[in-house]
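Heads up: numbering here begins at 1 and tracks the sequence.
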Amino acid sequence: QVQLLESGGRLVHPGGSLSLSCADSGGTLRNFHAGWFRQAPGKERDFVAGISSTGINTYYADSVKGRFTISRNNADNSVYLQMNYLKPEDTAIYYCAATRDTWYYRNYDRQSKYSYWGQGSRVTVSS
């Protein structure tokens, strides 16, 4: 089992950058595929980015392609989301999730794919 903790969320101005981190205190995140989801006020939780356990494969929602980068450092059991050129519509609570499904390319953008979730980190993009 993996226990996920997100950090790094804060208030940023439009056009700014922010990096979120997802850490596993249990020291097993390196063995899991991981994803970032976000939930804006009044909206459902949506897929943002995903990364395979090895870091070889990455996936992005169309809304963040070219602006966000998901990465991981398996030596530290951490997954990151670098967010650039932030827009007000990026405002949301960002959640880290993990799965041990054999084939990550299948349904990586679906919440049901992931077995473990963090509590979320709030990102506010406003002037």
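Atom CD of Glu89 has more than 12 heavy atoms from other residues, nucleotides or ligands within 6.0 Å. Annotation: Arg110, atom CZ; neighbour count of heavy atoms from other residues, nucleotides and ligands within 6.0 Å does not exceed 12. For OH of Tyr85, the number of neighbouring non-hydrogen atoms (other residues, nucleotides, ligands) closer than 6.0 Å is 12 at most.
Looking at every heavy atom in both residues, Leu18 comes nearest to Arg10 through CD1-NE, 3.2 Å. Leu20 and Ser121 get closest at one heavy-atom pair: CD2-OG, 4.4 Å. Residues Pro14 and Ser127 come closest through the heavy atom pair CD-N, 3.6 Å. Considering all non-hydrogen atoms of both residues, Met83 and Val123 come closest at CE-CG2, 3.9 Å. Scanning all heavy atoms of the two residues, the minimum distance from Ile93 to Gly120 falls at CG2-CA, 3.8 Å. Between Arg30 and Ala75, the shortest heavy-atom distance links the atoms NH2-O, 3.8 Å.
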Check against side chain to side chain contact (heavy atoms under 4.5 Å, CB included), Ile70 and Trp36: CA-CA 8 Å; Ile70 187 170; Trp36 288 95; 3.5 Å; yes
Is there a side chain to side chain contact (heavy atoms under 4.5 Å, CB included) between Leu29 and Arg72 once you walk through the steps? CA-CA 10 Å; Leu29 186 56; Arg72 67 192 304 156; 4.1 Å; yes
Between His33 and Lys113, does a side chain to side chain contact (heavy atoms under 4.5 Å, CB included) hold up when you go through it step by step? CA-CA 10 Å; His33 309 298; Lys113 178 83 167 182; 5.7 Å; no
Run the side chain to side chain contact (heavy atoms under 4.5 Å, CB included) test on Asp90 and Arg67 for me, step by step, so that the C-alpha distance in whole Å, both residues' side-chain angles and the decisive distance to 0.1 Å come before the verdict. CA-CA 11 Å; Asp90 294 319; Arg67 299 190 299 123; 2.7 Å; yes
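For Lys65, the salt bridge (Lys or Arg N to Asp or Glu O under 4.0 Å) criterion is met by Asp62, not counting sequence neighbours.
Distance OG/Ser112 to CG/Asn107: 6.5 Å, rounded to 0.5 Å. The SG atom of Cys96 sits 12.0 Å away from the CD atom of Gln119 when rounded to the nearest 0.5 Å. Atom OG in Ser21 sits 10.0 Å away from atom CG in Asp76 (nearest 0.5 Å).
A heavy-atom distance below 4.5 Å is not found between the side chains of Tyr94 and Glu6. Side-chain contact between Ser126 and Leu11 is present, with at least one heavy-atom pair separated by less than 4.5 Å. Within the 4.5 Å cutoff, the side chain of Arg38 has heavy atoms near those of the Val64 side chain.
With Tyr114 as reference, Phe37 is the one residue of Phe32, Phe37, Tyr95 to meet the side chain to side chain contact (heavy atoms under 4.5 Å, CB included) rule.
Applying the ring pair (Phe, Tyr, Trp, His ring centres under 6.0 Å) test to residues at least two apart or on different chains, the pairs with a partner in residues 50-70 are Tyr59-Tyr104, Tyr59-Tyr108. Listed by first then second residue, pairs satisfying salt bridge (charged side-chain N to carboxylate O under 4.0 Å, His left out) with a partner in residues 115-127 number zero, not counting sequence neighbours.
The backbone N or O of Trp103 lies less than 3.5 Å from no partner atom in the side chain of Asp101, so there is not a single donor-acceptor pair. The main-chain N or O of Asn77 is never found under 3.5 Å from a side-chain atom of Asn74 such that the two would form a donor-acceptor pair. In terms of modelled atom types and a separation under 3.5 Å, the side chain of Asp24 and the main chain of Leu4 share no donor-acceptor contact. Side chain of Ser78 to backbone of Ala23: no donor-acceptor contact under 3.5 angstrom is found.
Both Val125 and Val48 belong to a single network of hydrophobic side chains, linked directly or stepwise wherever heavy atoms of I, L, V, M, F, W or Y lie under 4.5 Å apart.
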